[in-house]
Engineer: 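I have a structure here, written as structure tokens, and I will follow up with some questions on it.
Below, chains carry the letters A, B, ... as their sequence lines are ordered, and counting in each starts from 1.
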Amino acid sequence: MTPLPKTRLRTRHFFAPNYNLHETLTSGQAFRWKQHNNNWIGIIQDHWVRLSARPEAIIAATTHPEPDWNLLKHYLQTEVDITEVTDQFPQDQYLRTAISKCCGLRLLRQNPWECLASFILSSTKQILHISKIIEAMAAYYKIAVTVPDGYPEIFQFPTPEAISQTSENQLRRLKMGYRAPYLKASAKAVAEGTIDPDAINHLPYTSAKESLIQLPGVGPKIADCVLLFAYGKQEAFPIDIWVDRALRELYFPRQQMTQSALESFVSKHFAPYNGYAQQYLFHYMRTKHTPP
DNA sequence: CACCAGGCAGCCG
DNA sequence: CGGCTGCATGGT
């Protein structure tokens, strides 16, 4: 009996100044990264990846026999000069405070289907619980990925085909609640090609958003999350409960603002880096009561 | 027990 | 169009 071949790790340094890996991976845009011995373990493009933060750099390790490091660089967006982005933020004290507390917060460029499905599961859920539902789901389908010795098991994000063929009851057993039929129907639409995640990439922001909103369980907020976190559309500015509160309390105290009035303010005030500004505001609101 | 969480769809006026 | 409500589940 021949012994199984040892999984060999390929590693690579990425030059990444002003990159706060911890805050970026825990900022509620991606839900599957796990801390392990001061490293981060996750899956990018169907392959196990370990990330380690270093001063001015990120070290990546993968099991892929012939890794395409550009895919990793693309996912992490290491080549974005974040100071060039934050320098163009409007001069208001909340964003300045957010930047000073966390200057290396980044936007990732995730897989569209995983991002879409994850945010369909996100509605009126806390980030920690979204992660738990997603892990329960991945553990249910058990789609294998090569994991090196000594590391915890991890499974791939389930395909739209697999989810669309699962009963709503089974999905509810994974604690999705009322989101189960939405996820199943959206998975079916993607699996059958009614909507093509790759085609959306080529659409401008507004028509891409209209296209995503056709999916059941996807409204303006979830569409904006996918447009920003998977497609990198900078115009997207997801307004969730936290950001809505930030806008009303910080920018329009004691004023009655309609949703559309807020939206038109946002598109003017935070341009051109709406999405990054939104992520910094979101981070500020979630951490302003906790010491650094 | 009440109240809230990275919302959306259906319904009502 | 704008406003209201039900929807599952887990945490405080």
Engineer: Calculate the interatomic distance between A:Asp244 atom CG and C:dG3 atom P; express it in whole Å.
Structural biologist: 12 Å
Engineer: For A:Phe31 and for A:Gly217, find the nucleotide of DNA chain B with the closest heavy atom, then tell me which residue's nucleotide is more 5'.
Structural biologist: A:Phe31
Engineer: Within this structure, what is the CD1-to-P distance between A:Ile130 and C:dA8, rounded to whole angstrom?
Structural biologist: 17 Å
Engineer: Could you check whether A:Val218 gets within reach of a base, just the sugar-phosphate, or nothing at all, counting any heavy atom under 4.0 Å?
Structural biologist: sugar-phosphate
Engineer: Counting the atoms with a prime plus P, OP1 and OP2 as sugar-phosphate, which does A:Arg245 contact under 4.0 Å by heavy atoms, base, sugar-phosphate, or nothing?
Structural biologist: sugar-phosphate
Engineer: Determine whether the aromatic ring of A:Tyr178 stacks with the base of C:dG6, defined as ring centroids separated by less than 5.5 Å and ring planes inclined by less than 30°.
Structural biologist: no
Engineer: Flag the pair A:Phe237 / A:Phe270 as yes when their ring centroid distance falls below 6.0 Å, and as no otherwise.
Structural biologist: yes
Engineer: Would you kindly give the CD1-to-C1' distance between A:Ile241 and B:dC3, to the nearest whole Å?
Structural biologist: 12 Å
Engineer: Need one value for A:Phe229: base, sugar-phosphate or nothing, where a base atom within 4.0 Å counts as base even if backbone is also close, heavy atoms only.
Structural biologist: base
Engineer: Using a heavy-atom cut-off of under 4.0 Å over every strand shown, decide if A:Ser27 touches base, sugar-phosphate, or nothing.
Structural biologist: base
Engineer: Need one value for A:Leu215: base, sugar-phosphate or nothing, where a base atom within 4.0 Å counts as base even if backbone is also close, heavy atoms only.
Structural biologist: sugar-phosphate
Engineer: Out of C:dG2, B:dG7, B:dG6, which has the shortest distance to the side chain of A:Val243?
Structural biologist: B:dG6
Engineer: Both distances under 3.5 Å, Watson-Crick or G-U wobble: on that basis, could you give the dot-bracket string for DNA chain B, with [ ] for crossing pairs and | for other-strand partners?
Structural biologist: .||||.|||||||
Engineer: Is the closest side-chain heavy-atom distance between A:Tyr140 and A:Gln170 below 4.5 Å?
Structural biologist: yes
Engineer: Apply side chain to side chain contact (heavy atoms under 4.5 Å, CB included) to the pair A:Thr24 and A:Trp40, showing each step before the final yes or no.
Structural biologist: CA-CA 11 Å; A:Thr24 299; A:Trp40 290 95; over 6 Å; no
Engineer: Is A:Asn37 reaching over with its side chain to a backbone N or O of A:Asn39, donor-acceptor style, under 3.5 angstrom?
Structural biologist: no
Engineer: Measure the distance from CD on A:Gln256 to P on C:dG2 and round it to the nearest whole Å.
Structural biologist: 15 Å
Engineer: In whole angstrom, what separates A:Ile120's CD1 from C:dA8's P?
Structural biologist: 16 Å
Engineer: Short of 4.0 Å, heavy atom to strand atom, which residues of residues 262-279 of chain A count as contacting DNA chain B?
Structural biologist: A:Gln278, A:Gln279
Engineer: On DNA chain B, does the nearest nucleotide to A:Lys125 precede the nearest nucleotide to A:Gln214 from the 5' side, or the other way round? Give the residue.
Structural biologist: A:Lys125
Engineer: Would you mind telling me which of B:dG7, B:dG6, C:dT9 lies closest to the side-chain atoms of A:Lys175?
Structural biologist: C:dT9
Engineer: Which part of the nucleic acid, if any, lies within reach of A:Lys221 when heavy atoms closer than 4.0 Å are counted: base, sugar-phosphate only, or nothing?
Structural biologist: base
Engineer: If you look at every strand shown and take non-hydrogen atoms under 4.0 Å, does A:Ser122 touch a base, only sugar-phosphate, or nothing?
Structural biologist: sugar-phosphate
Engineer: Ignoring hydrogens and geometry beyond distance, is a side-chain donor-acceptor pair present between A:Arg106 and A:Gln77 at under 3.5 Å?
Structural biologist: no
Engineer: If we ignore hydrogens and angles and just use 3.5 Å, is the side chain of A:Arg179 paired with the main-chain N or O of A:Met176 as donor and acceptor?
Structural biologist: yes
Engineer: Is the shortest side-chain N to carboxylate O distance from A:Asp92 to A:Arg96 below 4.0 Å?
Structural biologist: no
Engineer: Nearest to the side chain of A:Tyr182, which nucleotide is it out of B:dG6, B:dA9, C:dA8?
Structural biologist: B:dA9
Engineer: Hey, does A:Gly219 reach any base, or is it just sugar-phosphate, or nothing, if we go heavy atoms under 4.0 Å?
Structural biologist: sugar-phosphate
Engineer: Quick one: which of C:dA8, B:dG6, B:dC8 gets closest to the side chain of A:Arg179?
Structural biologist: C:dA8
Engineer: Write down the distance separating the P atoms in C:dG6 and B:dC4, rounded off to the nearest Å.
Structural biologist: 15 Å
Engineer: Rounding to an integer number of angstrom, what distance separates C:dT5 and B:dG6 when you compare their P atoms?
Structural biologist: 23 Å
Engineer: If the P atom of C:dG10 is compared with that of B:dC8, how far apart are they to the nearest Å?
Structural biologist: 22 Å
Engineer: Between atom CD1 of A:Ile222 and atom CZ of A:Phe119, what is the distance when rounded to the nearest 0.5 Å?
Structural biologist: 8.5 Å
Engineer: Rounded to whole Å, how long is the line connecting atom CZ of A:Phe237 with atom P of B:dG6?
Structural biologist: 16 Å
Engineer: Would you check, one step at a time, whether the test side chain to side chain contact (heavy atoms under 4.5 Å, CB included) holds for A:Ile41 with A:Trp33?
Structural biologist: CA-CA 6 Å; A:Ile41 308 293; A:Trp33 289 98; 5.6 Å; no
Engineer: Expressed as a whole number of angstroms, how long is the span from A:Phe282:CZ to B:dG6:C1'?
Structural biologist: 5 Å
Engineer: Given that A:Thr124 and A:Lys132 both sit by DNA chain C, which one's nearest nucleotide is further toward the 5' end?
Structural biologist: A:Thr124
Engineer: Going by atom types only, do A:Asp46 and A:His64 share a side-chain donor-acceptor pair under 3.5 Å?
Structural biologist: no
Engineer: Could you give the CD-to-C1' distance, from A:Gln126 to B:dC4, as a whole number of Å?
Structural biologist: 7 Å
Engineer: Enumerate the residue pairs fulfilling salt bridge (Lys or Arg N to Asp or Glu O under 4.0 Å) with a member in residues 76-87 of chain A, sequence neighbours excluded, ordered by first and then second residue.
Structural biologist: A:Lys73-A:Glu79
